[in-house]
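Worksheet for the structure shown next.
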Amino acid sequence: MKAALRHIDFQRGFQMKHATEAIVVGLAAFAALLAVAFAQDELFQAHMTILTLVLGVSTIVLMRRVKFGNAYAVPGNGDSSKYMDGVIRYGVIATAFWGIAGFLIGVIAASQLAWPHLNFEPWFNFSRLRPLHTSAVIFAFGGNALIATSLYVVQRTSRATLFGGNLAWFVFWGYQLFIVMAATGYLLGITQGKEYAEPEWYVDLWLTIVWVAYLIVFLGTIVKRKEPHIYVANWFFLSFIVTIAMLHVVNNLAIPVSFLGTKSYSAFSGVQDALTQWWYGHNAVGFFLTAGFLGMMYYFIPKQAERPVYSYRLSIVHFWGLIFLYIWAGPHHLHYTALPDWAQTLGMVFSIMLWMPSWGGMINGLMTLSGAWDKLRTDPILRMLVISVAFYGMSTFEGPMMSIKAVNSLSHYTDWTIGHVHSGALGWNGMISFGALYYLVPKLWNRERLYSLRLVNWHFWLATLGIVVYAAVMWVSGIMQGLMWREYDADGYLVYSFVESSQAMHPYYILRTVGGLLYLAGALIMAYNIYMTIRGKIRKEASMGAEAPVAATA
């Protein structure tokens, strides 16, 4: 009898790990297979086939990881630190991977504009690769950078582990699934035709679920914090998460034609749809690409410079000024359209006012280096973080200037706007993300330092040169476009046709491709540096500002 009881206790004393996840993902794969069978159109069928394959492979991987563990053991997250860093490690790798993918697609798209015969119909033409590039850089690269850094920062500044246990893993893998579905949808031609919001209704629904889980993890961690004060970086991260949720839901309100088909119709129409779209579009820039990355700035620059934030009071003014003003600036994208003139003027006025809090944040970031400017000679990571803030300041001056109607009449729909967007995205968002990755990798993998600081320096100069070349040629070509499009002869006829203006852009498009290649080369160097750091290697090289080489370790 005692032996039997011991046997029962032994059986009850063990549990299966990853079994629940394998079952849930397996059921989801079966549901996707049913959607393939009952699809109402070929595109939905193709998209659901891709989803079935992705979920099927995920199920097999999870089943191979199912293990028996002691049910009475103290649960842990598998990390050597007191924080839940496993998901952040995956986030760092995903950020580097999607960054390279996005930059590569951008170079291909730029090449297609310079040499149109590189368009391959139907899946790899410019019209499908262009939204794939923008989404890959903004949402795949930038989104993973924001998720990884926000989960790292909120734990350290709250002195608490992530709320929700494995919910953070759901956020990470759920977001990767969204990226895969959005990207494959673009190549298939599945789009609702909204800038920065191309995925159709069913992909939007999935992202909503993932984003709510992200909010629960982040906000729950703040609620259970041991540190009484909420550090300013967390305010920026939280505003980014909450506002993007609101923007995403409202802009993507739509009625599907069929629950087993791709097509849907927007809940808005006409100029109301355009206004809703650019309320979303500009605030996606304002909160996804600005507020979230300012959360990075307020944590990683002080940490890397080993200096406190220059003015904590200014950071609070920066926060409230930014989030109040930004939400009203969207109508400046619709100058000289059917939008009422008062709404256009409202967007312009608020855009100009945005210059003040934006530059307040830039000054705060740069002045944090007070007493530590000498570190820029020997610390290329800090150099990368600082130049990102400089690009932030330049972009937030250029944006309000371009919102002025007189300037907008020349710049809108031209390559000037493209140059402006890329100087901000590559200079501000890209550079600060690179600096954050370089800071995180040695700490997350418990390494003494990066594999090579000299390679970071190479990355810095290649990326900087790439941005300058790209933005400068787009400024020149954009102004040239605007002037050619508005040139009239004595009889009131246009002097140049659209084809002639396009032909004039050819040399600039070649130079833009060169700039993109330089930026991509820097990202590839970063990936190699990160890989070698994770492996525990240290390159034999002279330290920055020194002549003698440092010793190498295996």
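- Under 3.5 Å, the side chains of Y202 and H47 contain a donor-acceptor pair of N or O atoms.
- Seen from the ring of Y265, K263 counts as a face-on cation partner, given the 6.0 Å and 45° thresholds.
- Remark: the T157 side chain and the Y299 side chain contain no N/O donor-acceptor pair separated by less than 3.5 Å.
- No hydrogens or angles considered: nothing links the side chains of W416 and Q481 as a donor-acceptor pair under 3.5 Å.
- Heavy atoms of other residues, nucleotides or ligands lying less than 6.0 angstrom from CH2 of W123 number 12 at most.
- Ring pair Y439/Y152 is perpendicular by interplanar angle, where above 60° counts as perpendicular and below 30° as parallel.
- A cation-pi arrangement is present between R512 and Y509 under the rule of less than 6.0 angstrom and at most 45 degrees off the ring axis.
- Between the side chains of H412 and Y336, not a single donor N or O lies within less than 3.5 Å of an accepting N or O.
- Remark: R128 is not positioned above the aromatic ring of F126, lacking an NZ or CZ atom under 6.0 angstrom from the ring centre and at most 45 degrees off the axis.
- Taking the charged nitrogens against the carboxylate oxygens, K194 and D204 have no contact shorter than 4.0 Å, which rules out a salt bridge.
- Side chain to side chain, S266 and D273 meet the donor-acceptor criterion of an N or O pair below 3.5 Å.
- Between the side chains of T243 and N283, no donor-acceptor pair of N or O atoms lies under 3.5 Å.
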